[in-house]
Q: 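Shown below is the structure under consideration.
Just so it is clear, the structure is predicted and the values come from calculations on it, not from any experiment. In each ligand, atom 1 is the first atom listed, and ligand 1 is the first ligand listed. Heads up: numbering here begins at 1 and tracks the sequence.
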Amino acid sequence: TMSHYKLTYFNLRGRGEIIRYLFAYSGIKYEDYRIEWADWSSIKPTIPFGKVPILEIDGVIIHQSLAIARYLAKENGVAGKTPLEQALVDAIVDTIDDFMSMLPWAEKDHDVKQRVFDDLLTNTAPGLLQDLEKFLGNKNWLVGESVTWADFYWDVCSTTLLSLKSDLEDSNPNIWVLKRRVQALPAIAAWIQQRPKTIL
Ligand SMILES: CCC(=O)N1CCc2c(cnn2-c2cccc(F)c2)C1
């Protein structure tokens with residue numbers, strides 16, 4: 001019968017949201033388990049590499065958000081049509097993820113955290129956005145002739161970037177048109193409307 005899917009992450013979009021987008025787009029039912037922060041210290045030791053998100057598929061555990069997303073994208077026809085397109089999709093995803101991973105999400109010193117976030121968002125993010133705008137050109141999607149999970153990842157991550165620095169939307173118009181194109185996909189629009197509203 002149908003596989004049983006359980007996603008384990010925090011009550012955040014964060015690194016889990018790309019997986020939720022892929023489930024929404026594919027229409028596959030899954031358990032969206034959101035760990036309470038108070039429970040994390042007892043759950044962490046039970047997880048193979050101690051980090052979330054993880055996806056359990058009929059008892060098999062996959063870790064690493066991008067590996068999970070790539071698996072679901074391939075299963076649902078949004079990974080890229082050829083090995084070459086899949087490599088371009090992976091390169092764009094990794095480029096976006098490289099920047100998101102530079103942000104010191106777990107920094108305990110609020111002054112240091114704020115200063116590093118402001119520096120990266122002011123001085124590094126514009127270059128990334130210009131590069132994405134140039135790569136997109138006048139195409140409808142980042143890779144190939146139809147939507148891929150690179151487009152989903154851009155919407156997921158740019159939503160958080162805009163929440164941190166809204167004026168990033170003031171330049172590079174086409175990548176923001178792409179964002180709205182992703183959000184207009186019926187399954188994605190429905191998920192965005194129904195998902196728990198969190199800051200990050
Ligand atoms: C306490 C941890 C925390 O606040 N967050 C976890 C990481 C994160 C958040 C929002 N986006 N995001 C993220 C998304 C993709 C790639 C990446 F490296 C990071 C919020």
Q: If we count only N and O atoms by modelled type, under 3.5 Å, do the side chains of Asp32 and Tyr9 hold a donor and an acceptor together?
A: no
Q: Which one of Phe10, Tyr9, Phe99 has a non-hydrogen atom at the shortest distance from atom 6 (C) of ligand 1?
A: Tyr9
Q: Where is the nearest protein heavy atom to atom 18 (F) of ligand 1: which residue, which atom, and how far?
A: Arg15 NH2, 2.8 Å
Q: How far is atom 20 (C) of ligand 1 from the closest protein heavy atom, and which atom is that?
A: Trp105 CE3, 3.7 Å
Q: What is the closest protein heavy atom to atom 11 (N) of ligand 1, and at what distance does it sit?
A: Gly14 CA, 3.5 Å
Q: Show the nearest heavy-atom pair for residues Ile19 and Pro53, with the distance to one decimal.
A: CD1-CG, 3.9 Å
Q: Using the ring of Trp191 (Phe, Tyr or Trp, six-membered ring only), decide whether Arg20 places NZ or CZ under 6.0 Å from its centre and within 45 degrees of its axis.
A: no
Q: Considering only non-hydrogen protein atoms, determine which one is nearest to atom 15 (C) of ligand 1 and report residue, atom name and distance to 0.1 Å.
A: Tyr153 OH, 3.3 Å
Q: Going by the atom numbers of ligand 1, which of them fall below 4.0 Å from some non-hydrogen atom of Leu200?
A: 4 (O), 20 (C)
Q: Closest approach of Ala69 and Ile18, non-hydrogen atoms and distance?
A: CB-CG1, 4.0 Å
Q: Applying side-chain contact (heavy atoms from CB on, under 4.5 Å), run through Leu66 and Trp149 and close with a yes or a no.
A: CA-CA 10 Å; Leu66 301 185; Trp149 71 287; 4.0 Å; yes
Q: By number and element, which atoms of ligand 1 are closer than 4.0 Å to a non-hydrogen atom of Ser101?
A: 18 (F)
Q: Please confirm whether the ring centroid of Trp40 lies under 6.0 Å from the ring centroid of Phe10.
A: yes
Q: State the atoms of ligand 1, each with its element, that fall below the 4.0 Å cut-off from a heavy-atom position in Asp97.
A: 16 (C)
